[in-house]
Amino acid sequence: MGTSIANVLFSVPASESAHTKSPESRAMEQHNNSNMMHNCKFEVPEIIFGRGMLSQVGSCARRLGGKKIFLVSDKGLFNAGWVDMAMRSLLDAGLEFIYYDNVTPNPKDHEVEDGFREYLRHGADVIVGLGGGSAMDAAKGVAILVANGGRIHDFEGHDKISRPLPPLVLCPTTCGTGSDVSQFAVINDTRRRCKITIMSRCVAPDISLTDPDTLATLPDEFVCTTATDALSHAMEAFFSVASTTLTDVHAIKALRLLTASLVTAVHERRDDDMENLARASLHAGMAFSNSLLGIVHALAHPIGGLYDANHGSINAILLPEVIRYDIPVVTDKLQELAWGLGHRANGDISAASDKIQETLDALLEASGAPRSLRSIGVQRQDLPELAKRALQDVCIVTSPREADEEDLLNILERAF
Ligand SMILES: [Fe+2]
């Protein structure tokens with residue numbers, strides 16, 4: 001991948017792979033990275049959050065200079081009525097729009113490239129993405145091509161985008177993706193059957209607009225599977241070697257909200273719990289966009305690409321195993337993490353470790369998340385190839401504990 005932590009955070013030109021270096025160069029890099037961690041850089045878009053705020057999407061797009069808006073969403077959301085609300089807001093703001101809904105879960109390269117051609121054909125000038133991670137990542141993909149041309153695959157990896165994107169407003173309607181604040185876009189390469197991760201500060205939108213009311217129509221199964229994505233974002237961001245006090249505060253806030261509301265939101269769907277999940281998604285998104293992720297997402301991307309499986313479900317299955325793997329090297333953070341999960345810190349690291357693992361297991365079990373890779377259709381014979389592919393994912397770079405192919409395969413076996 002040619003990516004180091006310093007490269008990722010501060011856009012230093014990439015050099016050799018983090019996993020093929022000599023022990024000396026790796027030690028030097030770890031030293032440099034350790035120094036780098038005393039520095040902070042924290043970037044987020046303009047954020048608008050509140051009930052009914054989707055009605056403001058038109059004024060947001062107009063404020064960004066839009067006259068003809070390229071509205072990206074998916075067919076399921078149209079039936080829920082939120083697309084109609086966004087369209088009315090755009091019209092009320094005096095804007096024209098083109099509606100593009102050729103987006104499926106785990107958005108595909110050809111869907112992004114079709115969207116790009118539609119954008120050009122209609123001469124649009126601002127992009128609005130409305131929906132879950134798929135619609136928002138597709139909107140980002142279209143924006144990348146509008147500014148840079150080429151094929152979406154050309155931008156895989158870190159910092160491959162040379163020209164700034166057209167203005168972008170992203171409106172999440174699920175409670176986990178974080179795409180509305182993040183510098184990531186994940187697109188499915190349909191030829192190779194894998195997900196490509198595009199990471200660049202250019203990819204973060206101009207405005208993130210969350211209206212928790214939109215969660216009212218989220219199908220039951222997606223409450224759990226998108227919130228467990230947020231859970232994974234928060235925990236991985238907290239353990240990331242690139243975490244800082246600025247990202248930790250958002251990761252812990254997300255975990256406290258999820259601990260309080262995940263299970264009741266899944267089973268009772270009360271408005272205040274659903275709003276807590278939307279807030280948790282936002283906080284976790286701000287955390288991981290700035291500290292990046294780890295092994296859960298490095299493995300989840302190739303699994304999602306190969307099986308077209310639900311991203312949050314994969315994360316929910318992998319997270320406990322990866323946390324168990326990481327814990328021995330993050331003992332200095334366990335007390336705070338245990339507090340984030342609702343426990344009183346008493347200075348006992350071993351007790352904190354136990355509490356974290358017990359609480360995580362209990363949360364996932366009570367929320368009905370899938371617990372094995374086998375249950376979502378993963379085939380055992382594919383595990384070695386998945387471990388190999390995960391080593392190439394940009395998310396592996398900030399894992400707190402180094403992992404080789406055998407380590408990743410062990411994690412997959414335990415989660416199988
Ligand atoms: Fe995720």
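Read the numbers this way: they start at 1 and go in the same order the structure lists the ligands and their atoms. Side chains are part of it too, since the values below use all heavy atoms of this structure and drop only hydrogens, waters and symmetry mates. All residue numbers refer to positions in the sequence shown, counting from 1. Everything numeric in this text was worked out from a predicted model, so none of it was measured.
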The Fe ion (ligand 1) -> His311, closest N, O or S atom is NE2

Of all N, O or S atoms in Asp229, which has the smallest distance to the Fe ion (ligand 1)?
OD1

Do side-chain atoms of Thr228 reach the backbone of Cys224 as a donor and acceptor pair under 3.5 angstrom?
yes

Centroid separation under 6.0 Å, is that true for the rings of Phe42 and His250?
yes

Phe78 and Tyr99 aromatic centres sub-6.0 Å:
yes

As a test of understanding, state which of Ile127, Val128, Val169 forms a side-chain contact (heavy atoms from CB on, under 4.5 Å) with Leu71.
Val128

Angle at the Fe ion (ligand 1) (to 10°), with one arm to NE2 of His297 and the other to NE2 of His233
90°

